[in-house]
Novice: 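I have a structure here, written as structure tokens, and I will follow up with some questions on it.
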Amino acid sequence: MTARLRIAAALALCIAAASAPAQSPQRRFEDVPPERLVDWYYASTFGTGAYRIGDRTVFVGRLPLSYKLREPDEQQWGIKLKMPVSVGVYDVSSAFSDILSSNYGTLTVLPGVEFEKRMNPRWKVRPTASLGYGQDAANGVGAAVWEAGVRSLYSLPMERTDLEISSAVLFAGYESRPARQKLGILGLGLGWILPTGKDLWGQPTNLGLHFNYYLYFDRLDFFLDPQGRRTVPQQFELAMTLGTYQPLKIFGFETDRIGVAIRGGEGLLAIRLVSGFLF
């Protein structure tokens, strides 16, 4: 077992230990303070960054732990085990000394498996399925979180740039005592990849400009108070990336691009770090 998998296993055990004493009844929806209500799926898959909905600002840090069992090619499927760990903090404006004592939000582990097949030299498909659990340390609320579907990436070489066409079709959601959500997601993306003529650690680099669209069936729900909620039917995202044509290892994680994205729509504004496949 690699060091990254050991870390992920230890964190999963911590969550299990935190939720084990939940023999006492969980709080009712109306007993949970509004600032402690969270869209579990969005927070656990958002990535690393911050988003604002209504008067609530949430910071999320995500550690994308994974382990490749087999590399993909045109003859066989690649297999990757995933164990991403996400930590959410609700009030990023508070003093740092208060974060752990009062503002700590959620800890979520979402283990899963991803398959990858190169249908041809330009086209990759990635079926995926994940099932995990999140726990709010402040109020004892927990949730089962899931995601299943397929992602796709098609690269089209052009005269001075490469065009990337990406898509995702996902069924996802969460189940908790205060609230639940079932969600269908359609993602579509266009990316323009331009060579820079410069090298990074011996690898040619490129700049990327990406435009992504997310359509939520049944809508993305954010419970802002016990009596009401705000729904988000769609989002738009603009991202800029610096990449290489072959994956590099950065801090022990393999990726071929890294950048910043701004996402918005229906009162939800977000900024996040992106790497690898943007969906």
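Just so it is clear, the structure is predicted and the values come from calculations on it, not from any experiment.
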Novice: Against the six-membered ring of Tyr51, is Arg263 placed for a cation-pi contact (under 6.0 Å from the centre, within 45° of the normal)?
Specialist: no

Novice: Answer whether the closest heavy-atom distance between the side chains of Val260 and Ile271 falls below 4.5 Å.
Specialist: yes

Novice: Starting at CG of Leu131, measure out to CH2 of Trp146 and round the result to the nearest 0.5 Å.
Specialist: 9.0 Å

Novice: Using side chain to side chain contact (heavy atoms under 4.5 Å, CB included), reason through Arg122 and Leu156 one step at a time and then give a plain yes or no.
Specialist: CA-CA 7 Å; Arg122 299 179 182 178; Leu156 181 61; 3.7 Å; yes

Novice: Out of Lys82, Glu116, Lys80, which one pairs with Thr128 under the side chain to side chain donor-acceptor pair (under 3.5 Å) rule?
Specialist: Lys82

Novice: Treat each ILVMFWY residue as a node, draw an edge where side-chain heavy atoms are under 4.5 Å apart, and state whether Val150 and Phe279 are in one component.
Specialist: no

Novice: Start with the C-alpha distance between Thr241 and Val274, add both sets of side-chain angles, then the distance that settles side chain to side chain contact (heavy atoms under 4.5 Å, CB included), and finish with yes or no.
Specialist: CA-CA 8 Å; Thr241 61; Val274 295; 3.9 Å; yes

Novice: For the atom pair CD (Gln135) and OG (Ser176), what is the distance rounded to the nearest 0.5 Å?
Specialist: 10.5 Å

Novice: Indicate yes or no: at least one non-hydrogen side-chain atom of Asp136 is less than 4.5 angstrom from one of Trp40.
Specialist: yes

Novice: Would Tyr133 and Tyr174 count as a side chain to side chain contact (heavy atoms under 4.5 Å, CB included) here? Give the steps.
Specialist: CA-CA 9 Å; Tyr133 187 79; Tyr174 67 87; over 6 Å; no

Novice: State whether Glu254 and Lys68 are salt-bridged, where the test is any N-O pair (Lys NZ or Arg NE/NH1/NH2 against Asp/Glu carboxylate O) under 4.0 Å.
Specialist: yes

Novice: Do Tyr245 and Asn206 come close enough that some side-chain heavy atom pair is under 4.5 Å?
Specialist: yes

Novice: Given side chains that start at C-beta, do those of Lys124 and Ser155 come closer than 4.5 Å, heavy atoms only?
Specialist: no

Novice: Examine the side chains of Tyr41 and Glu147 and answer whether a donor and an acceptor come within less than 3.5 Å of each other.
Specialist: yes

Novice: Find the distance between CG (Leu190) and CD1 (Ile165) and round it off to the nearest 0.5 Å.
Specialist: 6.0 Å

Novice: Should Leu238 and Phe277 be counted in the same cluster of Ile, Leu, Val, Met, Phe, Trp and Tyr side chains packed under 4.5 Å apart?
Specialist: no

Novice: With a 4.5 Å limit on heavy-atom distance, are the side chains of Tyr67 and Met83 in contact?
Specialist: no

Novice: Strictly distance-based, threshold 3.5 Å: is any side-chain N or O of Gln181 a donor or acceptor partner for the main-chain N or O of Asp221?
Specialist: yes

Novice: Is there a path of hydrophobic side-chain contacts, each under 4.5 Å between heavy atoms, that joins Leu183 and Leu186?
Specialist: no

Novice: Within a radius of less than 6.0 Å around CH2 of Trp77, do more than 12 heavy atoms belonging to other residues, nucleotides or ligands occur?
Specialist: yes

Novice: Between the side chains of Thr48 and Arg62, does any donor sit under 3.5 Å from an acceptor?
Specialist: no

Novice: Is the CD1 atom of Ile262 crowded by more than 12 outside heavy atoms at less than 6.0 Å?
Specialist: no

Novice: Is it the case that the ring center of Phe236 lies less than 6.0 angstrom away from the ring center of Tyr213?
Specialist: yes

Novice: When rounded to the nearest 0.5 angstrom, what distance separates CZ in Arg118 from CH2 in Trp123?
Specialist: 14.0 Å

Novice: Could you tell me whether the side chain of Thr161 and the main chain of Ile193 form a donor-acceptor pair under 3.5 Å?
Specialist: yes

Novice: For the pair Thr255 (side chain) and Gly276 (backbone), establish whether a donor and an acceptor sit closer than 3.5 Å, ignoring hydrogens and angles.
Specialist: yes

Novice: Could you check whether any side-chain heavy atom of Lys198 comes within less than 4.5 Å of a side-chain heavy atom of Gln203, counting everything from C-beta outward?
Specialist: no

Novice: Counting C-beta onward and ignoring hydrogens, is there a side-chain heavy-atom pair between Tyr216 and Pro233 closer than 4.5 Å?
Specialist: no

Novice: Can any side-chain N or O of Arg52 pair as donor or acceptor with the backbone N or O of Val58 at less than 3.5 Å?
Specialist: no

Novice: Leu248 and Asp256: side chain to side chain contact (heavy atoms under 4.5 Å, CB included), yes or no, with the steps?
Specialist: CA-CA 6 Å; Leu248 294 175; Asp256 60 356; over 6 Å; no

Novice: Any donor-acceptor pair under 3.5 Å linking the side chain of Thr196 with the backbone of Thr205?
Specialist: yes

Novice: Are Met158 and Phe211 in one and the same hydrophobic cluster, where Ile, Leu, Val, Met, Phe, Trp and Tyr link if side-chain heavy atoms are under 4.5 Å apart?
Specialist: no

Novice: Are the side chain of Ser66 and the backbone N or O of Leu81 linked by a donor-acceptor pair below 3.5 Å?
Specialist: no

Novice: Is there a side-chain contact between Val169 and Ile185 (heavy atoms, below 4.5 Å)?
Specialist: no

Novice: What's the separation between atom CH2 in Trp192 and atom CD in Glu164, rounded to the nearest 0.5 Å?
Specialist: 11.0 Å

Novice: What do the steps show when you test Glu237 against Tyr214 for side-chain hydrogen bond (donor to acceptor under 3.5 Å, both in side chains), and what is the final call?
Specialist: CA-CA 8 Å; Glu237 183 175 67; Tyr214 303 83; 2.9 Å; yes

Novice: Is Tyr42 reachable from Leu278 through a run of I, L, V, M, F, W or Y residues, each pair having side-chain heavy atoms under 4.5 Å apart?
Specialist: no

